[in-house]
Amino acid sequence: MRFGVVVFPGSNCDHDAYHVISKVLGQPVDFIWHKQTALGDYDAVILPGGFSYGDYLRAGALARFSPIMGAVREFAARGGLVLGICNGFQILCESGLLPGALMRNRGRRFLCQFVHVRVEATDTPFTQLYRKGQVLHLPIAHGEGNYYCDPETLAELRRENRIIFRYCDAEGNVTEAANPNGSLDNIAGICNRERNVLGMMPHPERASEEILGSSDGRALFQSLALVLAAMTRE
Amino acid sequence: MRATVHVRLKRSVLDPQGQAIHQALQTLGYEGIREIRQGKYFEIELEEGLPPERARELLERLAHEVLANPVLEEYRVEIEGDVR
């Protein structure tokens, strides 16, 4: 199995993602410069956090037009696993690979803190090692993480069980008080209909080792590795 | 030929930046302001000789595909001298 981490100008969590794949998972991983027009032989691609293109125009709006994104789109259409974290989630929404948009935080401030999120669905390649309802302690670091979509899209996300993470309190209650940024329905992460593309605002790659204050994010990468190992055996 | 594109948040979408500016103005003592909504404004120089219909089509497309995010925003395209 081989992981790829796309590097846009302004990505700043690319090395964190690379570190988790190479050192924590112990799997092969490469950086993929955004100017490339083709993806090599990868099984999973990560769009990392950061501020691609300085967040000019809108967060993720310009990265969407990077040469590599055509290949990412084809990779996703073929069923390849795509994980967008923070700015990566914003890019996936701007690209139309995931529905909706991420607006400025309701409270206007850039939020850099730990939050709790509840795992809402485990039937994805990203979350199969979690328990449904499990509460994760993960950091967020964003100014535009306020998820928004129209009511029809929200109904569809709910119906198809595509809301994967929701902000909650330490006990797992999804409340308004536990919503850090004003996201619709406390949404912290969603997947596409085929469940092979996941976007999330919290940073599992920054919480995969005890020394970082939480290792709750590690199982997400382990889930990916498990799925890919099974696929390789087939 | 010059064109402008105004991009603004849909009425149904909360505008925390506009609210912050409004609050600041109130703090500063400005009176008589009911609401402020912040948007974006683009000045676009088009190549001379581009037929107005083509120019409008081009601008509508780039406004829809790039300058605005239709999930959140709406836009208005104006071409100087082309009153429609």
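Order of the sequence lines sets the chain letters (A, B, ...), proteins ahead of strands, with each chain counted from 1.
Of the atoms belonging to A:A101, heavy atoms from both backbone and side chain fall under 4.5 Å from chain B. Proximity to chain B is absent for every atom of A:N146, based on heavy atoms less than 4.5 angstrom apart. There is no contact between B:V7 and chain A, counting heavy-atom distances below 4.5 Å.
More than 12 heavy atoms of other residues, nucleotides or ligands lie within 6.0 Å of CZ in B:R37, so this atom counts as buried by the packing criterion. Taking a 6.0 Å sphere around CZ of A:F114, one finds it holds more than 12 heavy atoms contributed by other residues, nucleotides or ligands. Surrounding CD of A:Q113 are more than 12 heavy atoms belonging to other residues, nucleotides or ligands, all under 6.0 Å away. In the displayed structure, A:R108 atom CZ is contacted under 6.0 Å by more than 12 heavy atoms of other residues, nucleotides or ligands. More than 12 heavy atoms of other residues, nucleotides or ligands sit less than 6.0 Å from atom OH of B:Y41. Counting heavy-atom neighbours within 6.0 Å of B:R8 CZ, excluding the residue itself, gives a total of 12 or less.
For the pair B:N69 and A:Y148, the minimum side-chain heavy-atom distance is 4.5 Å or more.
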Self-check item: A:L57/B:V66 under side-chain contact (heavy atoms from CB on, under 4.5 Å): CA gap, chis, key distance, verdict
Solution: CA-CA 9 Å; A:L57 192 60; B:V66 184; 3.9 Å; yes
Practice problem: Please lay out, stage by stage, how A:R58 and B:K40 fare under the test side-chain contact (heavy atoms from CB on, under 4.5 Å). | Solution: CA-CA 11 Å; A:R58 296 177 304 277; B:K40 291 177 188 148; 3.5 Å; yes
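Per-residue counts of heavy-atom pairs under 4.5 Å with chain B were compared for A:R106, A:R64, A:M103; the largest is that of A:M103.
Remark: A:R104 CZ to B:Q17 CD distance equals 3.5 Å, nearest 0.5 Å.
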